[in-house]
Protein chains: 2
Amino acid sequence: MRTLKYAILGLVNRKSMTGYDISKEFGEELINFWSAKHSQIYPELKKLVDEGLLEYKIEITGDVLEKKVYTVTEKGRQDFLEWLAKDEKIEPTPKDQFRLRSYFSQALEPAIYQKLLESQLDQRKKKLAKLNRLFLQYQQVPPFGSDKFGDYSVLAGARIREEANIKWLELCLEAVRAEIKE
Amino acid sequence: MRTLKYAILGLVNRKSMTGYDISKEFGEELINFWSAKHSQIYPELKKLVDEGLLEYKIEITGDVLEKKVYTVTEKGRQDFLEWLAKDEKIEPTPKDQFRLRSYFSQALEPAIYQKLLESQLDQRKKKLAKLNRLFLQYQQVPPFGSDKFGDYSVLAGARIREEANIKWLELCLEAVRAEIKE
DNA sequence: ACAAAACATGTAATTTCAAACATGTTTTGT
DNA sequence: ACAAAACATGTTTGAAATTACATGTTTTGT
């Protein structure tokens with residue numbers, strides 16, 4: 001489906017950027033729903049240029065360091081917009097290694113499974129706290145159409161998702177603790 | 001990390017099965033947190049036999065149809081149990097194509113984005129209804145240690161996750177509807 | 001008797017992705 | 001003056017995963 005293609009096109013459509021910039025973006029808000037290493041990004045950029053969806057011009061930083069600053073072509077913008085408006089079927093449930101462990105947990109000592117759950121819960125709570133800190137910057141919902149709406153929306157989604165993870169872990173913990181007490 | 005290896009080992013540890021059976025399992029409860037196509041399963045089974053973690057005996061169905069019924073070896077069981085008890089870091093957030101679209105949604109007509117959201121919401125609600133129907137069979141939480149606890153736990157988790165997806169979509173919809181009304 | 005669905009097992013080609021390899025420049029802090 | 005961190009761009013290797021290719025048997029429903 002070449003989703004990375006559209007992620008890149010979407011980013012460059014908002015603002016001209018280098019491969020390095022794109023790589024950094026994948027480490028920030030985008031981490032909540034997409035990511036790619038630079039070893040995947042650079043070849044994809046080359047491909048997009050070959051396909052006429054992106055162009056670049058070289059800028060010099062300092063004395064000699066070359067930066068390739070990418071811009072979308074009209075063709076690229078059209079391709080992106082077409083993808084963006086597509087009404088797709090919901091994706092299959094994402095894989096989750098800890099849930100796989102949970103599925104097999106009856107093969108484990110309850111006390112061990114409890115430890116695993118507590119460790120997960122601790123990490124999830126820290127992650128949620130981080131998301132909550134980021135969320136503070138929004139006093140209210142930014143209007144749709146402002147460049148902040150997307151950021152807000154996916155951040156709100158990440159919080160809700162993390163809250164659900166925590167809710168589930170707490171439900172499991174309760175069941176295991178009830179078992180141990182008996 | 002070879003998670004498929006442990007998914008297969010875990011399944012076969014519970015009960016001897018064929019590659020075809022494993023394939024079917026990935027289409028049922030397991031779909032909520034893991035899956036694999038038969039083209040990935042058969043080579044993995046071969047590898048696990050080579051590594052001495054699984055054994056099989058051939059059974060004949062009808063006149064000539066050969067079935068390979070797999071069983072875990074003691075070594076395989078140990079390997080699985082070791083993996084199962086491992087306390088791991090939470091995984092990076094799963095990729096989500098619709099959230100990527102949402103992130104770029106300001107490039108879209110509000111009415112179009114609204115349609116996309118409504119479509120997602122509709123599909124998510126249907127999925128939740130299905131999970132709820134499955135959930136009915138549990139009058140109460142099965143005791144940990146019973147073979148039903150794992151099933152219950154991941155099903156409960158899938159419901160909670162789906163509820164969160166819906167909550168997020170409704171939040172987005174509300175914001176977009178507010179925009180359109182103005 | 002026949003067809004369709006389900007059972008059953010594999011391989012080949014391609015895509016996606018992460019980790020490691022590879023090389024250098026520029027800025028910032030001390 | 002020096003070192004570390006950040007900037008900047010690539011390639012190579014291999015694992016994980018999907019799609020398509022490939023072939024056949026058995027059961028079920030009509």
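Below, chain A is the first sequence line, B the second, and so on; all start at residue 1. Small disclaimer: the values here were computed from a predicted structure and weren't measured.
Searching all strands for a Watson-Crick or G-U wobble partner of D:dG29 with both distances below 3.5 Å returns C:dC2. The partner of C:dT15 is D:dA16, by the rule that a Watson-Crick or G-U pair needs both atom distances under 3.5 Å. In this entry C:dG10 has D:dC21 as its Watson-Crick or G-U wobble partner, both defining distances falling under 3.5 Å.
Among the heavy atoms of the strands lying under 4.0 Å from B:K95 are primed sugar atoms or P, OP1, OP2 only; no base atom is included.
Here the range on DNA chain D touched by chain B, meaning any atom under 4.0 Å from one of its heavy atoms, is D:dA16 to D:dT26.
With A:L11 as the fixed residue, the side-chain contact (heavy atoms from CB on, under 4.5 Å) test singles out one of A:V72, A:D21, A:I22: A:I22.
The CE-P distance, from A:M1 to C:dT15, rounds to 13 Å in whole Å. For B:I22 and C:dG10, the CD1 to C1' distance is 14 Å, given to the nearest whole Å. The nearest whole Å value for the distance from the CD atom in B:E91 to the C1' atom in C:dC17 is 15 Å.
In this model, a donor atom of one side chain and an acceptor atom of the other lie less than 3.5 Å apart for B:W83 and A:Q97. Between the side chains of B:E82 and B:Q78, not a single donor N or O lies within less than 3.5 Å of an accepting N or O. Between the side chains of B:Y42 and B:S23, not a single donor N or O lies within less than 3.5 Å of an accepting N or O.
By the 4.5 Å heavy-atom criterion applied to side chains, B:E179 and A:P143 are counted as neighbours. Side-chain contact between B:R161 and A:R99 is present, with at least one heavy-atom pair separated by less than 4.5 Å. A heavy-atom distance below 4.5 Å is not found between the side chains of B:Q106 and A:S146.
With salt bridges taken as basic N to acidic carboxylate O contacts below 4.0 Å, none links B:D79 and B:K75. Salt-bridge formation is not detected for the pair B:E109/B:K115: no Lys NZ or Arg NE/NH1/NH2 atom is positioned less than 4.0 Å from an Asp or Glu carboxylate oxygen. The pair B:E44-B:K5 does not meet the salt-bridge criterion, since no charged nitrogen lies less than 4.0 angstrom from a carboxylate oxygen.
Non-hydrogen atoms lying under 4.0 Å from DNA chain C are contributed by B:H38, B:S39, B:Y42, all within residues 31-45 of chain B. Against DNA chain C, the stretch residues 46-57 of chain A makes no heavy-atom approach under 4.0 Å.
Taking the ring axis of A:W168 as reference, the NZ or CZ atom of A:R124 does not stay both within 45° of it and closer than 6.0 Å to the ring centre.
When each of A:T61 and A:R2 is assigned the nucleotide of DNA chain C bearing its nearest heavy atom, the one mapping closer to the 5' terminus is A:R2.
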